[in-house]
Amino acid sequence: MISLWAIIKLTCRASIRSHIFHLLLFVLLLAILILPNTVLGDGTASGFIQVSLKYCLGVVGFILSLSTIWVGCFVLSNDLESYQIHMVFTKPISRMKVWIGKWLGVVLIHGILLLVSSGIVYGFILLQFSWKNFTKEEKTRIENEVLVGRKVYLPDLPDIDAKVKAEFQKRVAYLKTVQAENFQNLTNTEKRTMLGDLRKQIVALHGEVKPGPSGSRYWNFKGLNKNIKTPLYFRYRMYVGKISSKDQREVDGIWSVRFLVPEEDVKGRKPGEEIATKEIFVPKSQYPEKQMCGVFHEIALMPAVIDKDGTATIVFTNFDRENKPVYFQAADGPKLLMNAGPFWENYLRAVFMILLKLLFLAGLACTAGGLLSMPMAVFVVFSYLLVGICASYIINIESEFGDVHELVQYEAWHETAARIVSRSILWGIIPMQKFEVSDIVANGELIELSFMGRTVFDFFILRGVPIFIIGVLLYRRRELGLIIRK
Amino acid sequence: MQNPISGKESVIKAVGLSKEFRDFWNRPKAKAVNDIDFEVYEGEVLGLLGPNGSGKSTTIKMLLGLLYPTAGSITVFGESPRSVRTKMRIGYLPEESYLYKYLTAMETLDFFGALFNLSALERRSRSEQLLEMVGLSHVRNRPVGEFSKGMARRIGLAQAMINDPDLLILDEPTSGLDPIGCKEIKDLITFLQKRGKTVIVSSHLLGDVEDICNRVLILYGGIIRASGTLDELLTVSSSSRITTPLLEPGITERLVKILRDSLKGEQFVIDHPRRSLEDFFLDVVNKARSESVKTYGAEGGGEIAGYLKEESRDVLKDLMSGQKEKEPEMPRIEKAEGKEDDGAAKSRETIDKLVTHATEEKKQMPELKPPENREEVNKKLSHLVSKKDGKDR
């Protein structure tokens, strides 16, 4: 332990000596001191707090990630290139211990910086909340929507894959019987395109709310806590005309919620006796309300909207004056948010997620730094992260196309090869966006323990640890005497 | 494995040791070490000599586990050089001081001590003693990056001694050092040998190697070209030298006459011996030091670190006093190489007998202190050190 601690201390000292570290530390200081005082927000009180929280925490995570990568590569490759490691490895300490010591050193110094800077951000947010001249309503809204940890419930989604499959088979059958000749001429690529288009259409139809009462859209939220006493929040964003942040305008519409009421008079009934109920939809307002498209909105709901089965149903009816449909993206929800914990706890979870990211990045940087020269190591780590970002994009496309098995039968051999390679890469690469939680915290959404556990297991243990083990094994085998001194 | 002559245990054993460097495409680039065999025994001071590129550094790096042999094997204390246990017993001073420049002298020793899992107290105590020993205690809080080359060598030597190693590997130990530093290092090596430690010295300074080594290996082109004890390699058996106190002119004349008659025209030289420049320089500096002239560089090293000393007595002091006794200032008569006649042969025989007798006496010198006793003291010391270590772990 003494020798491990000596390496950790040395690594911390080496980090502090790095000029790039100085620069990043300076930028970090600027970010946590200046950024909060320059944030304007969206003009609302809760928007200001939300934006401050999102950007400050995001910038802290980003700068510390950069610094971790740099220092991680530096502390190992610099020791190797300057031959200082020769002095260490001629002493009775295993290479694995040195690697772990370096890794822990990088994590320790950045962990301390993370704690300090996130502490400052937390203090700043609470100070702004208390010092700014917000009205009582604004403060209540901030407390309910931002400075809180709310559990997120998503609506039941239809089985898009099944719908695509059914529709495809229907069309294939039609082509075979009615236009057999045309069907014979369809190439595999055309069949794949057809499948892709079908899916897009079905997804778009699912999120579309046509104008008029007949086009009303229902969202069912199941598995809700029936015993809550605090309000629920319905969070949504819709687009008019097209799904784009540009050219959005106000749209008239009515939001309603479903209530179950007894069909008959319940007077004189025995307690516990089952009563037949009927559903009624209670609108939020009697007349269509104007709602800005392209931005998020939240509606507070009474806990009574949850029925005895733990289900809530929310309906939107489009009364657009221009008779245009509105669209809801699956990524935006809509979501139902339920108060589940204090803000500080949620914030602490966010800090833990950033720390987890730093742990992984430090390991990745140490792996590269122990095997490559400094510039090469930094290049490799950034390439990895870039591929990770692209991987996330590919994952999104894949999920958009749904069940790949449907498409597989129509692909050529080189497409199969490319798919296998890309899947393998996707398996090994960790998309860093998965650790990004500043947005979630700023929206007052709870970072659930199950999400944290999944991230630790899927990304850190299942993919990160094998990378570290490979790094340590190669570092152990490396002939240090072959390195040319700089 | 024991040395058949001295009975000492083998510390290093290399068999068919080869190292070939390859390029990026794995094509052979250079064969730095080519199928060499050697053994180093306990208590030996071995000089590793050879011009640049002869394979000395490669051999040392293989000894330290920094390079892996392409063929053959090398063991240190019977184990792989990469074993952590082996490294517990090794001290290494590299050719250049690859130290962490931002650490102070004290922190440097503390760091390397920590790698041996020594307790904070023990590290502090040893560091203080080592800094005193290498004459850097007055700059203990200065970063080693600010040190001169000589000072860096001294702190490098100190870190190599932090664990009281059984095997000390010194790559160019006197490079960059002033004559005082050179002398101190040579004294230290001799002292360590007296304690039964094994030392490997790689150096270009042949004078230094001659002063301290029992045995040398001369490498060229990755192959051992010559090896053996200095006596075996350097004694010129075809010439004789007699050293006497200052002779009166009459005696000298008679001696010259005898020699002229005996050698029959062969050339010989009679002159006064000269002190070495190193001795003279050391006298001047010691005089200056006694007059308390201030210096900002490394000061002359103090005494050997306490934890390196034997408990019963200071071997170094004995050694120094022994050296003084062995170095009387005497005139020297040198005879040039030439053919031998019967008379000369007789004279040679007589001289050889005298030399043999003297050599035997010299060999017996260490016997003045019985080996068992010395080993016992060393055992006691190592027990003491390991006991301290054990406590702190």
Side-chain angles (χ1 to χ4, degrees), chain A residues 1-19 21-22 71 74-76 78-102 105 109 371-373 376 473-486, chain B residues 19 21-22 29 32 57-70 81-103 107-108 110-120 122-123 143 145 156 159-160 162-163 165 169 171 389 392-393:
Chain A
M1 266 316 274
I2 295 175
S3 53
L4 181 69
W5 182 237
I7 297 287
I8 294 173
K9 274 199 297 185
L10 186 83
T11 307
C12 291
R13 297 190 69 161
S15 312
I16 293 165
R17 307 284 306 180
S18 162
H19 294 309
F21 180 77
H22 294 165
V71 173
F74 171 78
V75 291
L76 271 130
N78 186 58
D79 265 16
L80 292 169
E81 288 168 3
S82 62
Y83 282 13
Q84 284 161 337
I85 206 74
H86 286 197
M87 303 289 281
V88 175
F89 285 144
T90 49
K91 303 287 183 281
I93 181 164
S94 69
R95 293 189 184 193
M96 191 170 82
K97 212 183 233 184
V98 171
W99 194 97
I100 292 172
K102 297 266 179 195
I109 193 145
L371 304 174
L372 303 162
S373 62
M376 271 301 286
L473 289 178
L474 292 174
Y475 187 63
R476 277 184 68 194
R477 284 198 55 80
R478 199 168 179 199
E479 258 186 292
L480 301 176
L482 290 179
I483 300 163
I484 295 164
R485 193 184 176 203
K486 286 186 181 166
Chain B
K19 180 66 197 176
F21 292 110
R22 291 172 176 269
K29 201 164 65 176
S57 294
T58 305
T59 307
I60 286 182
K61 281 178 182 171
M62 284 194 280
L63 272 175
L64 294 163
L66 297 172
L67 282 175
Y68 313 146
T70 317
R82 292 174 66 191
S83 149
V84 168
R85 265 186 309 188
T86 308
K87 287 170 183 172
M88 281 298 282
R89 301 173 68 184
I90 296 180
Y92 170 56
L93 171 69
E95 191 177 352
E96 285 177 53
S97 297
Y98 310 129
L99 300 167
Y100 293 95
K101 293 183 170 62
Y102 44 87
L103 296 182
E107 287 166 346
T108 299
D110 185 77
F111 170 68
F112 287 112
L115 298 185
F116 285 94
N117 283 319
L118 298 176
S119 70
E122 184 65 20
R123 292 199 305 267
Q159 66 77 30
I162 193 88
N163 59 324
I169 299 172
D171 202 351
D389 292 350
D392 309 318
R393 270 173 219 151

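Atom set for the values below is all heavy atoms of this structure, side chains included, hydrogens, waters and symmetry mates excluded. By convention in this document, chain letters (A, B, ...) are assigned in the order of the sequence lines, proteins followed by strands, and residues within each chain are numbered from 1.
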Mind checking the [atom1]-[atom2] spacing from [X] to [Y]? Nearest 0.5 Å is all I need.
{"X": "B:Leu115", "Y": "A:Phe89", "atom1": "CG", "atom2": "CZ", "result": "10.0 Å"}
{"X": "A:Ser94", "Y": "B:Lys87", "atom1": "OG", "atom2": "NZ", "result": "9.5 Å"}
{"X": "A:Leu10", "Y": "B:Tyr100", "atom1": "CG", "atom2": "OH", "result": "5.0 Å"}
{"X": "B:Phe112", "Y": "A:Ser3", "atom1": "CZ", "atom2": "OG", "result": "13.0 Å"}
{"X": "A:Thr90", "Y": "B:Leu93", "atom1": "OG1", "atom2": "CG", "result": "10.0 Å"}

Closest approach of [X] to [Y] (non-hydrogen atoms, all atoms of both residues):
{"X": "B:Tyr98", "Y": "A:Tyr83", "answer": "CB-O, 3.4 Å"}
{"X": "B:Gly65", "Y": "A:Arg95", "answer": "O-NH2, 3.6 Å"}
{"X": "B:Tyr102", "Y": "A:Ala14", "answer": "OH-CB, 3.3 Å"}

Practice problem: Using non-hydrogen atoms and a 4.5 Å limit, figure out which bit of B:Gln159 sits close to chain A: side chain, backbone, both or neither. | Solution: both
Quiz item: Given a strict heavy-atom distance threshold of 4.5 Å, which part of B:Arg123 is in contact with chain A: side chain, backbone, both, or neither?
Solution: side chain
Quiz item: Would you say A:Lys91's side chain and B:Phe116's backbone share a donor-acceptor pair under 3.5 angstrom?
Solution: no
Quiz item: Should B:Lys101 and A:Arg17 count as side-chain neighbours, where that means a heavy-atom distance under 4.5 Å?
Solution: no
Self-check item: A:Val88 portion near chain B, given a 4.5 angstrom heavy-atom threshold
Solution: both
Exercise. May I ask you to name which of B:Met62, B:Lys61, B:Arg85 has the most heavy-atom pairs under 4.5 Å with chain A?
Key: B:Lys61
Self-check item: A:Glu479, A:His86, A:Arg478 screened by side chain to side chain contact (heavy atoms under 4.5 Å, CB included) with B:Leu66, the one that passes
Solution: A:His86
Self-check item: CZ/A:Arg476: more than 12 non-hydrogen atoms of other groups inside 6.0 Å
Solution: no
